[in-house]
Structures are given as structure tokens and as C-alpha cells.
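Here is the structure we will look at.
All values below were derived from every heavy atom in this structure, side-chain atoms included, with hydrogens, water molecules and symmetry-related copies excluded. Since the model is a prediction, treat every value here as computed from it, not as a measurement. Atoms within a ligand are numbered from 1 in the order they appear, just like the ligands themselves.
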Amino acid sequence: MIDFNIPPHTGAEEQYIQEAIEKRKLCGDGMFTRRCSQWMEQTLSVRHALLTTSCTHALEMAAVLTNIGADDEVIMPSYTFVSTANAFVQRGARIVFTDIRPDTMNLDERLVEDAVTPRTRVILPVHYAGVSCDMDPILDIAHRHHLQVVEDAAQGIFSYYKDKALGGMGDYGCLSFHETKNLTMGEGGALLFQKDQSLETAEIIREKGTNRSQFFRGQIDKYTWVDYGSSYLPSELNAAYLWGQFTMFREIQNDRMETWKFYHQAFQELEQAGYLTRPVIPSYARHNAHMYYLKLKDLDTRTRFIAYLKERGVMAVFHYVPLHSSPAGQKFGRFHGEDKYTTRESERLVRLPLFYGMGQDNREKVVQTVKDFFRT
Ligand SMILES: *Cc1c(COP(=O)(O)O)cnc(C)c1O
């Protein structure tokens, strides 16, 4: 059986976890957390990267940092993970869903401005499959309407828009290190931002509403409760696993990219024959091989396709059910404009197995099984 995903493990992780144990410091913000933060800041060229317990939590921190309040509005695609919306719903905000582009499954930048109202505070682009949204028009709309931008770059580490790392262009960017992402620490994430003014508040939110981070740096002589906060810092054990992954990121990325390219080449003929659609990478985007998906004729074809592959030992899976059609989406948000592509394209999409170290035999078996489906 070929799994859809196996969490990445390189063999470098154990040594660092052992080191963390020997240091007798397992709680957050130890040596491995610091190493991971600095590494992200350098590698992704962002001023600040705070390691968090998940991307969900990084999004929650971003929501607090934007100062969003009750009945303020956030514009985001409906085709995304629930956490993108929940983080803002938690603050009492209303979600305004807009349609996606059928080529990238990302927020359609041409539809954003029409959804802006006097209550709009935040635009939230989600970089689906690690393929960048068209950020310049989005940043321009935000600038002209005095809105903040929060990037959901959960799938986007090592992806770029033009020459800028995803997660580093908006006011805040959120990465995920969940076991389904390119690099992992089990559960984890990061909050990225460029503005130095955001640092103190972000550290306070992350440290239960206290100024303990400043205390540890010796900037103040006692620490106290200064604002709203929660506990968003991961344990050193998790950070040590992530550090092992960071030291091996090239191997992981090269291997994923090989799989992506192998699939892409292999399905060219089927696309030309009209059986399926392959992912589109716009010229402004450099992607990270996070995901390989195909789009089939319709929902019925996809259902048969998934069942056919499963019978033959290949786990292919669909993805998000559009949030605006879910019970919570209806309660907390509304869809602005016409749902031309969100529902239709999400029903056609199926993701193929793609994980570090899957091997050439498995790649070939996946391709052959897909080809066999269209021959029957
Ligand atoms: C994975 C994912 C999240 C949530 O990440 P966690 O680290 O599991 O909280 C949020 N948004 C998107 C688009 C994701 O793919």
C-alpha cells in the first residue's frame, strides 16, 4: 500500500532530541527553539520568526496582533482549512469569502477589492499547495484601503513570490510544521513578521500575556501580566526534531521536487488527451513541491478514481470542503459574489501520494495506476 503521506524523518532528528534531554530543559524557548527561529529568519529573509505550537496558533496570534474586533471583516478564500477562519472567528470577526482562481485554487486577487466594506480590516491570502497568490495586487489593495495582510503560508515554506519568501510579505505570515507538511516537528508552526514594533506584543501573546521574554533577556527586572495572551511556545523536544529537519532541508526538498516533476511529466499526455488537468504554476511563483494534485472531470469521476486507486493500493485523497457551505461557515461568514469556481474546482481535485523518501518504484506505481484508470 502506498500511503498518501508519511511524516518526514531523516535520521538526523534523534541526536538533537537526545541533546535536548541531556540539557535538562524541555520547556519552550531553549537552544533548539532559538536555533530554529534564527535559521528561519536567515533562510527566509524575515526579520522575526517565532516558533509556535501550530500554524493554527500562529494564525490566532496574528488575529490578536491585527487588533481585529467584533463584527470586523476578514476577506479570505472559502477553499481553505478551518483554522484560517477560526482564528478570526475567535475574536468575533465576520468572514467574507471570495471566489478562487481555477488555475491555482488561490484567492482571486481581481475579486478582492469588490468585497471590501467599511468594516474590512484584514485580507487573508492562502498559498494553496505552496503556490503563491498574486501578492502585488493584494498588497496594493491593502495599502489603498488601510488593511492588514495575514498570509496563510502553512503549505508554503521554501516557496517564493518573485524573489520573496511566502509568509514574509504581509504584516504577518503563518507556517505549519504539522506532520503533513514538507518539514515537521509533529505539531508546530511559526509566526513571521518584518516589523520590529510587532515583536514585543507578539512575545507577550506567546508567553501567556506576560513580559517573560524581556525578563529572560535581562531587559526588565521582574515579569508580570501585561496583556492578553496564551501559551503558544512549543517544547524543546519538538524544536529539536525540527532542527534535525532544517539541517536536512535540501535533501527533503530535492526528493519531493523529483516526485512532483516525475508526476507532472508523466501526466502531460493524459492532460493533452483531455482526461485531466495538471496544476498550473504562474510565472511569478516558485513552488516547494508541497502537493501534487490532479483535477478530473467532475465529482463522480473523482469518487470512482479514488476508489479505483485504493483497491490497487494507492491512497489518493480529496481536500477541503469549501467553508462557506459548512455549518460554521454559514454561521460566521458569507460568500461575496458568485461561487463560480470554489465548489466546482474543489469537487474535481484529488491529491496523489507525495512524501519524502517515497522512492522511484512507488512513483511509477502511482503513475501506472492513474493511467490504468483512464484506460478502463
Ligand atoms: C495545515 C494547514 C493549517 C493548519 O496547520 P496546523 O499546524 O496543523 O495548525 C492551516 N492552514 C492551511 C492552509 C493548512 O494547510
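- Contact atoms of ligand 1 toward Thr56: 4 (C), 6 (P), 9 (O) (distance under 4.0 Å to a heavy atom of the residue).
- Cation-pi geometry between Arg278 and Phe267 is not met: the NZ or CZ atom fails to fall both under 6.0 Å from the ring centre and inside 45° of the normal.
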message = Could you go through Phe249 and Trp39, starting from their C-alpha distance and side-chain angles, then the distance that decides it, and tell me whether this counts as ring-ring contact (aromatic ring centres under 6.0 Å, His included)?
response = CA-CA 11 Å; Phe249 87 99; Trp39 191 90; 5.1 Å; yes
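- Using a 4.0 Å cutoff on heavy atoms, Gly188 counts as a contact of ligand 1.
- At a heavy-atom distance under 4.0 Å, only side-chain atoms of Lys181, from C-beta outward, approach ligand 1.
- Counting heavy atoms closer than 4.0 Å to ligand 1, residue Tyr320 contributes side-chain atoms (C-beta onward) but none from N, CA, C or O.
- The Cys55 neighbourhood of ligand 1 comprises atoms 4 (C), 5 (O), 6 (P), 7 (O), 9 (O), with distances under 4.0 Å to a heavy atom of that residue.
- Atoms of ligand 1 found under 4.0 Å from any heavy atom of Ser54, numbered from 1 in the order shown, are 7 (O), 9 (O).
- Here Tyr241 sits in one hydrophobic cluster together with Ile17, Ile21, Leu26, Leu237; the rule is ILVMFWY side chains under 4.5 Å apart, joined directly or through other members.
- A salt bridge between Asp339 and Arg334 is absent, with no side-chain N of the basic residue lying under 4.0 Å from a carboxylate O of the acidic one.
- The number of heavy atoms from other shown groups lying within 6.0 Å of CD (Gln368) is above 12.
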key: From CA spacing to verdict: ring-ring contact (aromatic ring centres under 6.0 Å, His included), Tyr308, Phe373   = CA-CA 7 Å; Tyr308 182 92; Phe373 173 80; 5.4 Å; yes
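- In this structure, atom 15 (O) of ligand 1 lies nearest to the protein heavy atom Gln155 NE2, 2.8 Å.
- Contact annotation for Thr180 and ligand 1: no heavy atom of the residue comes within less than 4.0 Å of the ligand.
- When each of Gln155, Gln253, Gln245 is checked for a side-chain hydrogen bond (donor to acceptor under 3.5 Å, both in side chains) with Asn182, only Gln253 meets the rule.
- Ile252 CD1 to Thr184 OG1: the interatomic distance, rounded to the nearest 0.5 Å, is 9.5 Å.
- Numbered from 1 in the order shown, with element, the atoms of ligand 1 that lie under 4.0 Å from a heavy atom of Phe81 read 3 (C), 4 (C), 10 (C), 11 (N), 12 (C).
- Residue Asp152 has at least one N or O atom closer than 3.5 Å to an N or O atom of ligand 1.
- When heavy-atom distances to ligand 1 are checked against a 4.0 Å cut-off, Ala154 comes that close only through its side chain, counted from C-beta outward.
- A salt bridge does not link Glu269 to Lys371: none of the charged nitrogens lies less than 4.0 Å from a carboxylate oxygen.
- Atoms of ligand 1 lying under 4.0 Å from any heavy atom of Val126, numbered from 1 in the order shown and given with element: 13 (C).
- The distance from ligand 1 to the heavy atoms of Ser176 drops below 4.0 Å at these ligand atoms: 5 (O), 6 (P), 7 (O).
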